[in-house]
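Have a look at the structure below, then the notes.
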Amino acid sequence: MKTRGKSIAVLIVLAVVAIVLNLIALFGIGDSHAFGLKSIKRGLDLNGGVSIVYQADKEDVTDDDMRAAIGLIQSRLDRRNWTEAEVARQGSNRIRVEIPGVEDAESAIEELGKTAQLSFVDEEGNILVTGDMIEEAHMEVGAVSMDSASSPYVAIKFNEEGTAAFAEATRNNVGKSILIVMDDEIISAPIVNSAIENGEAMITGNFTGESAQELADLIQEGSMPFGLEVIEMNNIGARLGSNAISTSLMAAFVGVGLVLLFMLIFYRLGGFAADWALCIYMGLEVIFLSGFNVTLTLPGIAGVILSVGMAVDANVIIFERLKEEIAMGKTMRSAVRNSFSRAFPAILDGNITTLIAAFVLYFMGTGTIKGFAITLMMGIILSMFTAIVITRFIIMGIIGLGINNPRLFAVKPKLTVVENKNSNKGGNEK
């Protein structure tokens with residue numbers, strides 16, 4: 001009786017969770033529809049955005065300079081979570097940037113940041129080193145002296161030209177400050193303790209990890225090989241038309257609906273439990289997409305649907321294993337436990353390999369490729385959780401109610417034939 005009451009409580013909680021999650025996913029929270037479908041940013045293909053054309057402020061621009069500028073602009077966009085934005089060279093000295101989900105081009109330029117070059121200046125205002133001489137800037141954590149504790153700092157590495165210029169600058173300014181200036185604003189003023197000849201410098205201070213990373217990003221962003229001027233900005237419409245969102249979502253709902261129906265027909269109560277868990281998964285997926293400000297495109301929707309298929313695939317492996325356990329004569333409760341534990345390694349291997357591929361796509365891809373990778377990674381993690389944890393709770397809750405007939409789970413128990421040893425006794429007697 002105690003087990004039955006516990007099972008009822010678990011199922012009620014999971015039912016409430018499924019309802020609440022999907023209501024939040026559909027309608028969001030508050031006037032801003034936070035964590036809901038309406039608050040998910042959409043890509044250029046679904047919702048349009050803005051197009052900005054930059055032009056270099058000098059004529060003699062090399063291919064290497066253009067590649068460096070495009071890379072830096074793309075990194076700025078990625079850091080602002082505009083992973084679906086596209087950056088491309090236009091002509092000899094222009095760069096076109098297209099950002100999805102932004103209605104006002106002016107605000108996009110303001111959010112993207114100014115493009116002036118960074119410089120290292122002495123206390124008299126003389127420029128000593130320019131940002132294009134910086135090869136790399138990043139945050140590190142460690143001890144900056146023999147008797148100090150580990151703390152965050154900014155590590156800078158200069159190119160060959162920058163190494164020579166910075167060595168001369170530090171030799172001439174020992175004990176003085178070298179100002180790091182961007183857009184006529186001083187972003188840091190470290191004091192030179194000694195001459196630095198190897199082209200590698202540390203900026204120390206009372207940094208937190210976040211503030212050190214922010215300074216490193218500013219220095220890295222300021223290493224633009226030339227200044228950029230905005231010469232054109234336009235709002236652009238959805239590339240796939242105004243009805244692209246409704247048709248894409250309709251296709252996704254039909255696909256997911258067919259998957260739910262398949263599981264219900266072929267696995268009965270097991271399929272019902274899998275569908276229940278899948279409803280929780282879909283609510284979580286929308287909430288996470290909105291909460292992490294992921295920009296959704298058609299490839300991103302494909303990543304979500306692919307992860308739904310992987311969640312169902314995990315349940316299929318579990319239920320097929322359940323059939324084997326029942327055929328071995330195990331009780332329903334024991335068979336369920338064994339099927340989940342023994343199917344777990346195969347499910348984990350399949351998801352890990354896909355997760356590795358998604359990581360590679362994210363770190364090596366750009367634009368829509370990154371968007372696909374993000375939704376796929378998020379979907380894999382959530383689908384594993386719901387398939388392995390939530391489905392198990394639901395099935396164990398159903399069994400706890402006394403519903404443990406294997407046939408209700410589309411499992412035919414193996415019949416054992418018992419031979420009657422006395423059946424032939426005296427068979428020849430008349």
Side-chain angles (χ1 to χ4, degrees), residues 15-51 77-86 98-108 110-112 234-257 259-260 275-308 311 367-368 370-383 385-386:
V16 171
V17 167
I19 293 169
V20 170
L21 288 177
N22 282 277
L23 285 175
I24 293 173
L26 286 172
F27 304 108
I29 299 174
D31 295 335
S32 63
H33 304 287
F35 302 108
L37 275 171
K38 292 183 179 180
S39 65
I40 295 177
K41 294 189 295 184
R42 302 178 182 91
L44 289 166
D45 53 353
L46 298 177
N47 201 44
V50 299
S51 174
L77 294 166
D78 290 344
R79 276 193 285 271
R80 287 161 177 79
N81 208 34
W82 282 333
T83 55
E84 300 293 340
E86 298 178 7
E98 295 182 341
I99 308 172
V102 178
E103 297 178 357
D104 183 13
E106 292 281 0
S107 65
E110 185 177 346
E111 282 194 59
L112 185 57
N234 298 299
N235 293 324
I236 54 178
R239 292 176 177 174
L240 298 179
S242 58
N243 65 339
I245 298 175
S246 58
T247 54
S248 302
L249 290 176
M250 179 59 68
F253 285 134
V254 169
V256 172
V259 168
L260 296 174
D275 290 351
W276 189 341
L278 207 56
C279 289
I280 293 176
Y281 158 78
M282 288 186 288
L284 286 172
E285 180 78 12
V286 171
I287 290 170
F288 273 66
L289 288 172
S290 177
F292 285 100
N293 292 318
V294 175
T295 302
L296 194 63
T297 61
L298 278 185
I301 293 174
V304 173
I305 296 174
L306 180 58
S307 60
V308 170
T368 56
K370 251 185 178 177
F372 171 77
I374 290 173
T375 56
L376 183 57
M377 284 189 290
M378 193 177 293
I380 288 171
I381 294 169
L382 291 175
S383 66
F385 168 73
T386 53

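Remember, it's a predicted structure, so these values are computed and weren't measured experimentally.
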Tell me the closest heavy-atom pair linking [X] and [Y], and the distance in Å.
X: Asp275; Y: Leu260; result: OD2-O, 2.8 Å
X: His33; Y: Phe27; result: ND1-O, 3.0 Å
X: Ile29; Y: Ser32; result: O-OG, 3.9 Å
X: Val256; Y: Met282; result: CG1-SD, 3.5 Å

With distance as the sole criterion, is a donor-acceptor pair present between the side chains of Ser39 and Ser290 under 3.5 Å? yes
Looking at residues at least two apart in the chain, or sitting in another chain, which of them share a side chain to side chain contact (heavy atoms under 4.5 Å, CB included) with Leu37? Leu26, Ile40, Val286
Let me confirm one number: the [atom1]-[atom2] distance from [X] to [Y], rounded to the nearest 0.5 Å.
X: Thr375; Y: Ile380; atom1: OG1; atom2: CD1; answer: 9.5 Å
X: Asn234; Y: Glu98; atom1: CG; atom2: CD; answer: 10.0 Å
X: Leu284; Y: Ile381; atom1: CG; atom2: CD1; answer: 12.5 Å
X: Glu285; Y: Leu21; atom1: CD; atom2: CG; answer: 12.5 Å

Is Cys279 close to Asn22 at the side-chain level, that is, under 4.5 Å between some pair of heavy atoms? yes
Return the set of residues passing ring pair (Phe, Tyr, Trp, His ring centres under 6.0 Å) with Phe35 (not counting sequence neighbours), or none when no residue passes. none
